[in-house]
Protein chains: 6
Amino acid sequence: MKKNVETFIACDSEYDKSGIVLFGAPFDSTTSFRPGARFGSSAIRHESFGIETYSPYQDKDLIEKNVCDCGDLELSFGLPETALKDIEEQTRMILKDGKLPIMTGGEHLVSYGAVKAVHEKYPDLQIIQFDAHADLRDDYLGAKLSHACVMRRCYELVGDNRIHQFCIRSGEKDEFLFAREHTDMHKFGFDGLDEVCKELIKNNTPVYLTIDLDCLDPAVLCGTGTPEAGGVYFPELLDAILKVSRTNIVGADINELAPMLDISGASTAVACKILRELILSINK
Amino acid sequence: MKKNVETFIACDSEYDKSGIVLFGAPFDSTTSFRPGARFGSSAIRHESFGIETYSPYQDKDLIEKNVCDCGDLELSFGLPETALKDIEEQTRMILKDGKLPIMTGGEHLVSYGAVKAVHEKYPDLQIIQFDAHADLRDDYLGAKLSHACVMRRCYELVGDNRIHQFCIRSGEKDEFLFAREHTDMHKFGFDGLDEVCKELIKNNTPVYLTIDLDCLDPAVLCGTGTPEAGGVYFPELLDAILKVSRTNIVGADINELAPMLDISGASTAVACKILRELILSINK
Amino acid sequence: MKKNVETFIACDSEYDKSGIVLFGAPFDSTTSFRPGARFGSSAIRHESFGIETYSPYQDKDLIEKNVCDCGDLELSFGLPETALKDIEEQTRMILKDGKLPIMTGGEHLVSYGAVKAVHEKYPDLQIIQFDAHADLRDDYLGAKLSHACVMRRCYELVGDNRIHQFCIRSGEKDEFLFAREHTDMHKFGFDGLDEVCKELIKNNTPVYLTIDLDCLDPAVLCGTGTPEAGGVYFPELLDAILKVSRTNIVGADINELAPMLDISGASTAVACKILRELILSINK
Amino acid sequence: MKKNVETFIACDSEYDKSGIVLFGAPFDSTTSFRPGARFGSSAIRHESFGIETYSPYQDKDLIEKNVCDCGDLELSFGLPETALKDIEEQTRMILKDGKLPIMTGGEHLVSYGAVKAVHEKYPDLQIIQFDAHADLRDDYLGAKLSHACVMRRCYELVGDNRIHQFCIRSGEKDEFLFAREHTDMHKFGFDGLDEVCKELIKNNTPVYLTIDLDCLDPAVLCGTGTPEAGGVYFPELLDAILKVSRTNIVGADINELAPMLDISGASTAVACKILRELILSINK
Amino acid sequence: MKKNVETFIACDSEYDKSGIVLFGAPFDSTTSFRPGARFGSSAIRHESFGIETYSPYQDKDLIEKNVCDCGDLELSFGLPETALKDIEEQTRMILKDGKLPIMTGGEHLVSYGAVKAVHEKYPDLQIIQFDAHADLRDDYLGAKLSHACVMRRCYELVGDNRIHQFCIRSGEKDEFLFAREHTDMHKFGFDGLDEVCKELIKNNTPVYLTIDLDCLDPAVLCGTGTPEAGGVYFPELLDAILKVSRTNIVGADINELAPMLDISGASTAVACKILRELILSINK
Amino acid sequence: MKKNVETFIACDSEYDKSGIVLFGAPFDSTTSFRPGARFGSSAIRHESFGIETYSPYQDKDLIEKNVCDCGDLELSFGLPETALKDIEEQTRMILKDGKLPIMTGGEHLVSYGAVKAVHEKYPDLQIIQFDAHADLRDDYLGAKLSHACVMRRCYELVGDNRIHQFCIRSGEKDEFLFAREHTDMHKFGFDGLDEVCKELIKNNTPVYLTIDLDCLDPAVLCGTGTPEAGGVYFPELLDAILKVSRTNIVGADINELAPMLDISGASTAVACKILRELILSINK
């Protein structure tokens, strides 16, 4: 009698045989507006059976890849520090085993845990961020470990001009001023991505790609806690992912899907498709 | 690295060591009003983590039982006959292995598949049905295999006065006339259940319990395809299950939860709790 | 005292005086993901009073056309073969009376019933399909009559290179391979439609137009069972319909609207507008 | 080819042959909280196919009655006076033809139009009101024709102690003081209904029954604009209707269903069932 | 202890020190399709905390402006005339105090009240309307004061060719004919806006800008009573507002957000952002 | 020009003149299942205009009381310790000023902050808890400050047998064992409340009343994060509040309303009514 193993569609390889390892980080305790991103990772897994394993965009098929989905971490709500440590630990183990981690959130703060482990292994790591929000606050209502500060914390790890921000269209004035000094911010869309990738490819720089799904226009993905008008559309995001996939990606995540806000299921279907394309685009 | 095995809460025993085996029958092709019962079994499994394993009603705990949840069958939409055969086959195997099957639907038609296998093993089987609808039509818009006919089909298996119907408050006039001749129908609630159980216990008759969740009042469970006002409330249903559990139950099912209609999640939470109580009440 | 006749807005001509006849095919038993397309035809009719009869795009008005909406067929859930026969019969009668049938689904499988009748009358029929999904599987979980196979079944009727597929962006790898041999598939959008129409016009080929509304991006129409990111937008679809309307259309359908997933009503409003434009564009 | 006549289930008799005539009054312009009761009458008609024609409570069947549903009036939003005149006119015509009018709202204000016509024919009319709200304000934000004033306006027609109010649990203090002087108010439930009916039967007094569905507890019917906790449950309302049906009912209405708030459809199903029982209970 | 003053984000200046005054007009009694625009103004205020005060589009910050949000008027449902007078009165007072009024609806009819007061002060007023619907009917089901007639009423105030209509894609044929004679209608999008603005700037003409949010495509804003496919997208609307802001705006409004239809909150977030950009763009 | 002060209906007294002070604690970071209780306090305030100020149950009117609603605290998501300190501080200040605090949550954890301040002033404080869940865990996934531990933390403050728990029907087995030793737990309903109140009245013991709204059956209130079947109904809860109000209440709260799960608004309306009755019942 078969066991009821649930994975992202066709990502059911044995861990030992897998080049890519998926895991979920169901945490959203610092979300300041509409919560529910905690359910993002399981919704993506659960609803992935509504899409196909084959991508006509890349002419590749998930059934031809070795990917292991090892499910959701059990994270402690209300304890960001503990949750981040558990995420860091999980990422470290995957990296140590020579595999590439792809994490599904959860709120954006979870990226900080993964980035810490990835940066530990790749000290010259650079980060590409697709996001509506700058996430560069030093603190948010007194909290240093907040979704609104996640890129500021990552900045403290990787240093000046090593975070490449795209699609940014929301933040405090101070965040935009900070970005001018310390990050490589590209407002509104993907202008400049070609050049960034070219440079990263030339130096074979290790890259962490973090996709906050609210980079998409709310028309495409309304199921997120803080929808922000004026975002990119699906073909643009797909195109951007394919560009980044030509760099040396060593870790990635997709976050901020909030299924409770997605009654039609369309946002979750979009997220599933983006994850499929991301996995297929990575050479592992 | 652990595999992402999803089960109904605490029902993660090895198949071989289990006395009770759960499986899902995600089928609703013959639903004539609002569809979506196909998602019932996975929603119950998925949302079961919102309830506890311990029942203060029975002072029992799921972690002390050996139950195996082996997940959902993959059933063919649009082919009722094929789907029913797959359900029958699964039930037969569980019975052959000396275990007690509990199925989660799906629409009510799925019960017919399970009842066929159970009746094969227990020819003197009697059925207890909790349901708003009589489900005694001979055909429905020409279809013999329809949710609206499921008890008529079961009747053809088990014969006169061996189906005990409770909570019935909807049907064509002809179904009520048929019931007067051929079934033991108790309208509106559980009046008469004590006597029925007493008799069944006396003879140690093998019993199949089928619970169409729309026996509950829509106030308690609005997430079902054909809600019917005037139903029973949770404590009454719980009490009735405990009564039936003293008979010789040899198989059971819970069906007709339609999670798409349950935006708050309250109906699914009710279904989870009923399944917990049902499992705990059975001596296996 | 007037009778409460409900029709698509302004489509209330007598059947005998009508050039175009609308009917609904409320069937979705083979839907494998989110069901509910069965309510599409009645929602379109019911909600059509939210749009105007006049089209500023075509400068035409429904009140100047003779269209009869004869309501929904009563189809048997769970019996695809029977349902398809009823649809075929209805279509045949409309054609025999010299009128042009426009059907509203229902899941996409319903097209097969209509196409059979149309192909019987027009043996050199060609099909134009707007759809996110190839629908070219030979069977789906054992079922030959499934929404996922509808174009394969139609292919068996009309033969090689007589199905022109547009907007396709989802399917198994095998379906894309099949398409390469046997159909005229245009991926992602409407590239090539001009040439196809030109050729069809030249030969005055009879054309059946089937519009699966999921050809639209989920941003525009989230109310469908299997939303697929990366679709076309309203102006493109409108433009494509106007192009096809210059061919010899002899039958058409619009399908896969799932109103239960369209809580705001916006998807249904889009479907109503597309149906209005389709009707107005046809010279009957 | 049949016309697509939509009626409440089985209420498709010819007007001339009918003893009871249904019509809808889709108006809610004076609703002060959540609007949408305008869609109540069409939702009840549209969704009635989810219930059966037969009542096991009364052992009667709608198909044995002659009822004509002549659809919704077209009422002018924002013009309460005009809308009420149209309702009055329709009611007057039905009465003149010797038939009994049953109206479905719409907000509660629509009752005033119907009551005017009924009172004209039956000057000694008394009113039985099932409602959470007293609706006895003299004006509401300056408006005399408001849902919150409807019983005050009716009172001005019929006079002291001729309105029998049940289930009332909300209102301004002044309304309760007014009731003490001028109406026969029974708070919270149906206490006293037996005596009221007995007296009305004794004198064969003509009775208008107006059922604001928010008399029901929000658990049973959440789909109403101003849900008010502490209401009656379905069996109590059914019982009350059966009691009133033994008086000389000469007109009736059911109002304040707001389908936009009823995503599961359960409230609408309740309303359909109440209308079925009301129709069946009336000796016409 | 602070008082719980709720305002649109950062619009908390003292009235006397403010150049711009916001107020809400929660009225939708004449809405003929899906109601609920009455909740638009409070939802915009309530949800504004999900956006930032800073605009990266204009590099301006609300905290640097002096704007007073004085909350919602209390308007009488069912009495359009009275409601419009209250709106007119409020607008007149704000203008008299030398401030610029920005109103949030409510249904589009509310604009008529504001325009009356603005026109009184600026007799050579011209109106720029962004809207899916022409709103040029002479009456709607007998009502002169209806959302569907609002621009016709405004036309009667300001006269020929002083209403500049953009994005219009819905209306009766007669409205389009009327527009040809009497207004400056630009169908579907913003073509011609540059020229219009240039001319208005040249003459320093006082301008009232009324934005019916349904000018946006339903993909961007599904939360409106009468969504109309084929609309403009957020960047286009933002661009258009910035263009108009260079004219001499003397009053403005945003209307027709219907939060009950916006379960994800994305439409409300869009509306908040548009209001922020509108306020920031005005030189006051 | 009036300021837009938003309060719970009729609770708009000056702070200095008020005997009762309301405030909101919008925090839900430790919620482990469905989040969203953070919006409970503002929803209750916002939607309170749908109920009346007058209670026919108590024949009292809010407009005759002096209550100040000073709005929501701004609490730091993800920092339970900090949030609890802010709540404690606020409560302490209200108590110091001789007023009675009533807090609206937020998740149940917020009670701990208030209880700390109340216990500081009243060292012999006893707590009455209406709740579906025991909330007696020592830690939850490692967190000591979690909604699931709130009563355990309160127990550590007040000591043995000073927490009176009612309606409890969910928890781990260990919680029920703990309760047997250390608290006064009454399972399922209000049995024993009379005796408890009698004793408390006799000794004039200061009482803190904490109402987790999930004590109500999900039929009555589905809008809560962890609905638990088998709860009490509105009249029972009202009756229980009135009983407790005869003790020496020195502080109270209502928590766990999750408006995102309450699409119809019925749950929020119930919560508003309970808060009204609670305020009216307290002699201040």
Side-chain angles (χ1 to χ4, degrees), chain C residues 9-10 43-44 46-65 213 216-223 227 229 231-242 254 257 259-278 280, chain E residues 31-36 132-137 140-141 148 165 167-180 185-189 213-214 216-234 236 257-268 270:
Chain C
I9 190 167
I44 288 173
H46 206 62
E47 301 291 311
S48 64
F49 296 87
I51 62 167
E52 301 280 352
T53 58
Y54 172 73
S55 163
Y57 303 97
Q58 303 189 49
D59 191 20
K60 295 182 186 169
D61 202 314
L62 280 177
I63 58 178
E64 294 158 4
K65 295 202 70 131
L213 287 164
L216 287 163
D217 196 87
V220 179
L221 191 126
C222 67
V232 296
Y233 281 75
F234 177 78
E236 298 167 74
L237 177 55
L238 174 55
D239 186 58
I241 289 170
L242 297 183
I254 286 182
L257 176 73
M260 288 165 71
L261 302 171
D262 175 38
I263 289 180
S264 73
S267 297
T268 305
V270 169
C272 289
K273 196 163 173 180
I274 288 168
L275 181 53
R276 180 188 75 193
E277 295 299 323
L278 173 63
L280 288 173
Chain E
T31 299
S32 48
F33 201 49
R34 289 184 213 266
H133 307 88
D135 290 350
L136 287 170
R137 298 188 189 213
Y140 187 69
L141 298 175
Q165 305 184 290
C167 311
I168 310 299
R169 55 193 185 276
S170 182
E172 287 191 310
K173 195 170 185 175
D174 280 353
E175 295 177 76
F176 285 87
L177 294 175
F178 182 89
R180 217 175 287 170
M185 184 192 281
H186 304 251
K187 282 189 291 194
F188 309 130
L213 287 164
D214 66 19
L216 286 163
D217 195 89
V220 179
L221 191 127
C222 67
T224 191
T226 319
E228 185 74 34
V232 296
Y233 282 75
F234 177 79
E236 298 167 74
L257 176 72
M260 287 166 70
L261 303 171
D262 176 37
I263 288 180
S264 74
S267 297
T268 306
V270 169

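Any value given below was found using the heavy atoms of this structure, including those in side chains, with hydrogens, waters and symmetry copies removed. Proteins come first, then strands; the chains are lettered A, B, ... in the order of their sequence lines, and each starts at number 1.
- Proximity to chain C (any heavy atom under 4.5 Å) is shown, for E:Lys173, by both the backbone and the side chain.
- The aromatic ring centres of C:Phe49 and E:Phe33 sit 6.0 Å or more apart.
- Here the closest non-hydrogen pair linking C:Gly50 and E:Thr226 is O-CG2, 3.4 Å.
- Contact count against chain C (heavy-atom pairs under 4.5 Å) is highest for E:Gly171 among E:Cys222, E:Gly171, E:Gly223.
- Note that OH of C:Tyr57 is 6.0 Å distant from CZ of E:Arg169, once rounded to the nearest 0.5 Å.
- Ranked by heavy-atom pairs under 4.5 Å with chain C, the list E:Ala219, E:Ala229, E:Gly225, E:Gly230 is led by E:Ala229.
- For a residue to count as touching a neighbouring chain, one of its non-hydrogen atoms must lie under 4.5 Å from one of that chain's; by this rule C:Glu64 touches chain E with the side chain only.
- Using a 4.5 Å cut-off between heavy atoms, C:Phe234 touches chain E through its side chain atoms alone.
- The residue among C:Ala269, C:Gly265, C:Pro235 with the most heavy atom pairs within less than 4.5 Å of chain E is C:Gly265.
- What you find for E:Leu261 and C:Ile263 is that their closest heavy atoms are CD2-O, 4.3 Å.
- Classification of the C:Tyr233-E:Tyr233 ring pair by plane angle, with boundaries at 30° and 60°, yields perpendicular.
- C:Glu52 has its side chain out of reach of E:Glu228: every pair of non-hydrogen atoms, C-beta onward, lies at least 4.5 Å apart.
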